[in-house]
Amino acid sequence: MTINKKHVIKLLEEIAVYLELKGENPYRITAYRRAAQALEQDDHSLDEIDDFTKIKGIGERTAAIIDDYLENSESETLQQLQQEVPQGLVPLLDLPGLGGKKLSKLYQELKVTDAATLKEALESGEVEKLEGFGKKSAEKMLKALEDADSRPERLPLAMMLPLAEKIEKYLQSCQTFDRYSIAGSMRRMKETVKDLDFIIASSDPAKTRDELLEYSEIKDIVASGETKVSIVVDAGYEVGVDFRIVAPHEFASTLQHFTGSKDHNVTLRQMAKEKNEKISEYGIENNETGEVQTFESEKEIYEHFGLHYIPPEVRENYGELDKFKEPVRLLETSDIRGDLHMHSTWSDGAQSIKQMAEQSKDKGYQYIAITDHSKYLRVANGLNENRLRKQREEIDKVNSSMKDFHIFAGIEMDILPDASLDFEEEFLKEMDFVIASIHSSFSQSQDKIMKRLETALECPYVHMIAHPTGRLIGRRKGYDVDVNKLITKAKETGTILELNANPNRLDLNYEWLMKAQEEGVDIAINTDAHSYPMLDHMTIGAATARRGWLRKETVINTWTTKQLMKKFGIAK
DNA sequence: GCCGTTTTCGGCCCGACTGTTTTCAGTCG
């Protein structure tokens, strides 16, 4: 196994978890977490770092652990910890109310080593007798243990978006306040979301609380104070929704605080501390005078620290609090000039070519590509050569009927299980824009999958690889792609990689997008729309692009029609 | 464990909540 940076980061985080279980000094534990973070934020790859102690946050001890790991492909420190602490304890840290210290106590005093032994101890009533534990916490843990398998911890963004929209609609109709915002990981557009957070500015919290409690879809009320209303709604799955009610002048600070991420805020608080200040959800306090400053907008909060406005999607403590000292211009939805992957009634889409084109033009686009499925995909009514030639005639017709708008005649061509392509090169020449994608034999070995992708990458008439890993968030892992290799090869062959904006896919994910941009690969953000409402997924794609720090120039569908024609090799 | 124009010791991010307490530790975001 070649050890990469991710492995080292994981090692350090694992060591931290085990130390936590041992009940070690909490600062020693955070030291390992910080070292992992420092490594993550460092721009260099592993082999470019000769001395790890040069990175702030990594000292001699940690550097020695990393060196040992790199040299021997295993870590003596971790192995030792694994011998001292039963591995079955690690997942128990996810139980509510159970942290390192309490779990460590359960292990030492009751010989709890995994979920099964914990359950026994709970049922026999041993746990509630222990100091620091009680009847209530024992009941909670037992319930959590029993529910553990029934529901995933986080739900895919695609499932949560409609719920968030529904609640926002209710908030819009409310009378006791007018300023509110979604916060939390949903606002950061994380690909999975645990619960929904809303911040509400109200001068009459009691009335606002009552109004919130009138929401018709409430299944359970968890808390209903004048600063926090916490409910559970049933959207086919139970979801917690928190509303934080604050005074209007505190709104920006509260929004910033509850948008997070946690790690982003930790770093921001450290920055405040260096200025002898304290930042919280209520504002920024000067430690000497005790005066609390509040802000009109989040922009002003960041400016207070000498930073430019940091978009929510970027607030993950991936180095943004350093990078945004300089202005950083990330991709905006309004930069997008067209959508290069969508389907029509010719294959499995719901609307005609003309309808898709007109909808797209209404969105302000200058071009689209119609990219229906190819003949291999029979279930989707895939097109053969003849039908594609006929389709082009229709595209030509629509093109001549529309002003200031262009439709590229494209195809989403299958890469077949035997690594051949669904069309001969001779035919592909006729197409304006060729997408290659995998829709079959997902469980092949990495070698076979890579061979299929390489065939497509090397074909001079393939412009783009769509949804490169094939994952469906929360449902399907995707096929076994060596993404590093894919990115290198895409750079070599000048092939575009897709960011598929469908919230079920978001493929490539933001981490790979960072890598692809770093390597100089062109990206296209496409909705893969099968009906025109799906064209709206572009905003989700753009948000994901920002999570991957994509700049406008990396994304080719910000280019003009003319520039794209040149890129696609269309003479005109 | 890491760090240092208050540098080799003493601090390390903030506030709220919960349950178990009777003044607070542990957990969480």
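All values below come from the heavy atoms of this structure, side chains included, with hydrogens, waters and symmetry mates left out. All chains are named by letter (A, B, ...) in the order of the sequence lines, taking the proteins before the strands, and each is independently numbered beginning at 1.
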Given atom [atom1] of [X] and atom [atom2] of [N], what is their separation to the nearest angstrom?
X	N	atom1	atom2	answer
A:Ile279	B:dG29	CD1	C1'	15 Å
A:Met141	B:dG19	CE	C1'	11 Å
A:Phe133	B:dT18	CZ	C1'	13 Å
A:Glu139	B:dT20	CD	C1'	14 Å
A:Ile65	B:dC2	CD1	C1'	13 Å
A:Lys135	B:dT21	NZ	P	14 Å
A:Asn276	B:dT6	CG	P	13 Å
A:Leu39	B:dC2	CG	P	13 Å

Would you mind classifying the nucleic acid contact of [X] as base, sugar-phosphate or nothing, using non-hydrogen atoms under 4.0 angstrom?
X	result
A:Asn25	base
A:Lys278	sugar-phosphate
A:Lys140	sugar-phosphate
A:Leu268	nothing
A:Arg61	sugar-phosphate
A:Gly132	sugar-phosphate
A:Phe258	nothing
A:Ile29	nothing

Residue-phosphate contact under 4.0 Å: [X] side-chain N/O, [N] OP1/OP2:
X	N	value
A:Arg28	B:dG1	yes
A:Lys228	B:dC17	no
A:Arg34	B:dC13	yes
A:Ser137	B:dT20	yes

Using the [atom1] atom as the point on both nucleotides, what is the distance between [M] and [N], in whole Å?
N	M	atom1	answer
B:dT21	B:dT27	C1'	16 Å
B:dT8	B:dC3	C1'	10 Å
B:dT20	B:dG26	P	14 Å
B:dG1	B:dT5	P	22 Å
B:dT6	B:dC12	C1'	16 Å
B:dT7	B:dC17	P	40 Å
B:dG4	B:dC13	P	14 Å

Side chains of [X] and [Y]: is there a donor and an acceptor less than 3.5 Å apart?
X	Y	value
A:Asn504	A:Asn502	yes
A:Ser261	A:Arg315	no
A:Asp114	A:Gln87	no

Measure from the side chain of [X], starting at C-beta and using heavy atoms only, and say which of [options] lies closest.
X	options	value
A:His257	B:dT18, B:dT20, B:dG29	B:dG29
A:Tyr27	B:dG4, B:dC14, B:dG1	B:dG1
A:Lys101	B:dC2, B:dA16, B:dG26	B:dG26
A:Ala31	B:dG1, B:dG4, B:dG15	B:dG1
A:Thr62	B:dC13, B:dG1, B:dC14	B:dG1

Counting Watson-Crick and G-U wobble pairs only, both distances under 3.5 Å, name the nucleotide matched with B:dC3, or none.
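Paired with B:dC3, as far as the under-3.5 Å criterion goes, is B:dG10.
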
Let me know which of A:Phe177, A:Tyr180, A:Phe243, A:Phe251 forms a ring pair (Phe, Tyr, Trp, His ring centres under 6.0 Å) with A:Phe198.
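Considering A:Phe177, A:Tyr180, A:Phe243, A:Phe251, a ring pair (Phe, Tyr, Trp, His ring centres under 6.0 Å) with A:Phe198 is found only for A:Phe243.
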
How are the rings of A:Tyr510 and A:Tyr318 set to each other: parallel, tilted or perpendicular (split at 30° and 60°)?
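Ring orientation of A:Tyr510 relative to A:Tyr318: tilted.
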
Nearest-nucleotide comparison on DNA chain B, the residue closer to the 5′ end among A:Leu103 and A:Leu130
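On the 5' side of the pair lies A:Leu130.
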
If you assign each of A:Lys136 and A:Lys102 to its closest nucleotide in DNA chain B, which residue comes earlier from the 5' end?
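In this pair, the answer is A:Lys136.
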
Candidates A:Arg33, A:Lys101, A:Lys102 - the one meeting salt bridge (charged side-chain N to carboxylate O under 4.0 Å, His left out) with A:Glu20
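When salt bridge (charged side-chain N to carboxylate O under 4.0 Å, His left out) is applied between A:Glu20 and each of A:Arg33, A:Lys101, A:Lys102, only A:Arg33 qualifies.
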
Kindly confirm or rule out a cation-pi arrangement of A:Arg244 over A:Phe258, judged by NZ or CZ under 6.0 Å from the six-membered ring centre and within 45° of its axis?
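That pair qualifies as a cation-pi contact.
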
Heavy-atom side-chain proximity of A:Asp335 to A:Arg329 below 4.5 angstrom
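Yes; the side chains approach each other to less than 4.5 Å.
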
